[in-house]
Amino acid sequence: VTVCPNPSAASQLAAQRSLRAMALSSVRFLAVIAVLLGVAEAGPSHFSVENCQGMYETMNKLGGPVPPSEFVEGCNDVCAKVKGLKEYWQSGEMASFACEEGKKYGCIWEGTPPVTLTNIGC
C-alpha cells in the first residue's frame, strides 16, 4: 500500500483531473450541439405552412418537381387530402374548406403544367 506523503496534494490532483474531465465533457457536448444545429440548418425544411408555400412556389416556377433540397415532407400529403376533399364534395361547405386549406398551404400538384387550385375548381 502506497501512502501519499501530502494528502492535500493528492486531493488537489484529483480535483484537477475532475475539472479536466468536466471541461473535456463540456467541449464534447458543445461540439455535438454545433453539429446538430448545422445539420438542422443544412437539412431539409421542416413542415410548416410557410415552408409548404415556398416549396409550391418553387414547383410552379420550375414547372415540375422541386429539387430534393427544397422538398418539404408532409406538404404533398396535406395537398392530396385537399384535392381529395374537393373532388369528393365538389361544392358546399367541405369543398370550400378544402379550397381554403389548399390556398393556405399554396397547394400545387405535379403535372405539365403544374395543376393549381383553379384547375380543380377552387
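Bear in mind that the values here come from a model prediction, so they are computed numbers and not experimental data.
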Compare every heavy atom of [Y] with every heavy atom of [X], then report the nearest pair and how far apart it is.
X: T58; Y: P67; answer: CG2-CD, 4.3 Å
X: V82; Y: A98; answer: CG1-O, 3.2 Å
X: M59; Y: W109; answer: SD-C, 4.3 Å
X: P114; Y: G64; answer: CG-N, 4.2 Å

How far does [atom1] of [X] sit from [atom2] of [Y], to the nearest 0.5 angstrom?
X: L85; Y: I120; atom1: CG; atom2: CD1; answer: 9.5 Å
X: N60; Y: I108; atom1: CG; atom2: CD1; answer: 4.0 Å
X: L117; Y: K83; atom1: CG; atom2: NZ; answer: 10.5 Å
X: Q53; Y: S48; atom1: CD; atom2: OG; answer: 8.0 Å

Under 2.5 Å between SG of C122 and C99
yes

Between C75 and C52, does the SG-SG distance stay under 2.5 Å?
yes

Could you state whether L62 and M55 fall into the same hydrophobic cluster, counting links through intermediate Ile, Leu, Val, Met, Phe, Trp or Tyr residues with side-chain heavy atoms under 4.5 angstrom apart?
no

Please check if any side-chain donor atom of Y56 sits under 3.5 Å from a side-chain acceptor atom of N76, or the reverse.
yes

Donor-acceptor contact below 3.5 Å, side chain N51 vs main chain H46:
yes

More than 12 heavy atoms of other residues, nucleotides or ligands under 6.0 Å from CZ of F47: is that the case?
yes

Salt bridge flag under 4.0 Å for residues K104 and E101:
yes

